[in-house]
Amino acid sequence: MEQQASQVSSPLSLVLLPGLDGSGRLFEWFVKALPPTLKPQIICFPKHEDDYGALETDVLRLLPQGQPFVILAESFSGPLALRVAAIGHPHLIAVILVASFASRPVAWMPRFARHIMRPLLFRLPGQVLLMRWFLFGDSAPVALIEGTIDCLNSVDPAVLAGRTKAALTVDATEAFLRCPVPILYLGGIQDRLITPQTSERLKSLRPDLECVMLDAPHFLLQRAPAAAVKAVTDFLWRLKPAGRHRD
C-alpha cells in the first residue's frame, strides 16, 4: 500500500515521442490537458535523422533514470517505442500507441509506394487539402493547420521522405509481441490514414492489448485532447503496481 500511495502522490513521467515532423510541438494541445499526476517529457528528434535505428539510440539515451515512466508514441514513433520497450528497461511500466502501427502503417497503400517517396512530394501545392482529409478531419482549427505546416516546413523534405520510407518498410511486430509491459492502443474512428483495422490486426496478435477508439481523426491528440487524456489516465490507473511487467 505504501508503494502504491507513493506512486499516486508523485507525478509519473510520460515520455512523448512525436510524429513524422519529430519536433514535438504538436503535443501542445494534449500536454495542456494533462493532469498534475502526469509529467510530460517531450523527446524531439534530430532534424537530420530519418533512421529508426539511430532514433532508437537517441531515445534510449534520454529516457528517465531511476523513476517509473510511460512511453506514449504518436504515429511514426510507434515502432520506435516498441523497439525501445522490447529491450526491457527496468522502470518502464507501459507503452501507449497513438494512431500508430507495428508494421505496414497504411494497409491500402501498395508496397512499391515507398519507391516514389521523394523530397519534392513534401513541398507540392495542395498539401493542406490532403492533410485535411488524412490528418485533421473536418472543421480543424486554423492554428492546428498552420502549426502542422510550420513544423513540417522546418524539416528538410529529404528527411521527411526518408522517415516516410522507414515507416513504410519497418516491421516491429516481433518487438510488439516481446514488449514486457502492458500496451494501450489509442485510435481514431475517423482516421483515414491509420484505419481502425490496424488496432484489430494488432489485437489478433496480442489479445492482452487494450484498445480505445475515439471519435477523432488521425490527429486525435490535437482534435480530442481531453478524451485522449481520459483514456490514458484510465488505463494507467488500472495498472497494478505489482503486475506491470509480464513474465
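Computation of the quantities below employed the complete heavy-atom set of this structure, encompassing side-chain atoms and omitting hydrogens, waters and symmetry-equivalent molecules. Values in this document were obtained by computation on a predicted structure and should not be read as measured data.
Here CG of D191 is found 7.5 Å from CE of M213. Values are rounded to the nearest 0.5 Å. Atom CD1 of I194 and atom NE2 of H218 lie 5.5 Å apart (nearest 0.5 Å). In this structure, the separation between CG on L97 and SG on C211 is 9.5 Å, given to the nearest 0.5 Å. From L220, atom CG reaches atom CD of Q190 across 10.5 Å, with rounding to the nearest 0.5 Å. Rounding to the nearest 0.5 Å places CG of L92 at 8.0 Å from CG of L63. Between the CD atom of E146 and the SG atom of C151 there is a distance of 12.0 Å, given to the nearest 0.5 Å.
Note: the hydrophobic cluster containing F219 does not contain I189 (ILVMFWY, side chain heavy atoms under 4.5 Å, direct or indirect links). L26 and L130 end up in the same hydrophobic cluster when Ile, Leu, Val, Met, Phe, Trp and Tyr side chains are linked at under 4.5 Å.
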Just do the side-chain contact (heavy atoms from CB on, under 4.5 Å) check on R83 and V59 with the steps written out, would you? CA-CA 10 Å; R83 289 169 54 150; V59 171; over 6 Å; no

L12 vs T37, side-chain contact (heavy atoms from CB on, under 4.5 Å): CA-CA, chis, key distance, verdict: CA-CA 6 Å; L12 177 65; T37 51; over 6 Å; no

Applying side-chain contact (heavy atoms from CB on, under 4.5 Å) to T198 and Y185, what does each step give before you reach the verdict? CA-CA 10 Å; T198 298; Y185 187 93; 3.9 Å; yes

Verdict with reasoning, V155 to N153, per side-chain contact (heavy atoms from CB on, under 4.5 Å): CA-CA 5 Å; V155 183; N153 286 341; over 6 Å; no

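Of all the heavy atoms in D208 and R206, the pair that sits closest is OD1-CG, 2.5 Å. Considering every non-hydrogen atom in both I71 and A81, the closest pair reads CG2-CB, 3.7 Å. When every heavy atom of P64 is checked against every heavy atom of Q41, the shortest pair comes out as CG-OE1, 3.4 Å. When all heavy atoms are compared, the tightest approach of L80 to L55 is CD1-C, 3.8 Å. The shortest non-hydrogen separation linking A73 to S100 is O-CB, 4.3 Å. Nearest heavy-atom pair across F134 and R192 is CD2-O, 3.6 Å.
Residues V159 and P157 form no side-chain contact, since every pair of their non-hydrogen atoms from C-beta on lies 4.5 Å or further apart. D58 is not listed as a side-chain neighbour of F45, based on a closest heavy-atom distance of 4.5 Å or more. The shortest side-chain heavy-atom distance between L184 and V212 falls under the 4.5 Å cut-off. At a threshold of 4.5 Å between non-hydrogen side-chain atoms, the residues V70 and V15 do not count as touching. In this structure, P18 and S77 have side chains that are in contact, with non-hydrogen atoms separated by less than 4.5 Å. Side chains of V31 and P40 form a contact here, defined as non-hydrogen atoms less than 4.5 Å apart. A 4.5 Å side-chain heavy-atom check between E74 and L221 finds at least one atom pair inside the cut-off. Counting heavy atoms from C-beta outward, P11 and L38 have side chains that stay 4.5 Å or more apart.
K47 places no side-chain N or O within donor-acceptor distance of the main-chain N or O of D156, the cut-off being under 3.5 Å. With R163 contributing its side chain and D50 its backbone, the two residues share no donor-acceptor pair below 3.5 Å. Remark: the backbone N or O of P217 is not paired with any side-chain donor or acceptor of R223 at under 3.5 angstrom. Checking side-chain atoms of R104 against main-chain N and O of L168 turns up no donor-acceptor pair under 3.5 Å.
Ring geometry for Y52 against F76 counts as parallel: the plane angle stays under 30°, on a 0 to 90° scale with 60° as the upper cut.
Residues F69 and H89 bring their aromatic ring centres within 6.0 Å.
D150 has a carboxylate O that lies under 4.0 Å from a charged side-chain N of R25, or vice versa, which qualifies the two as a salt bridge.
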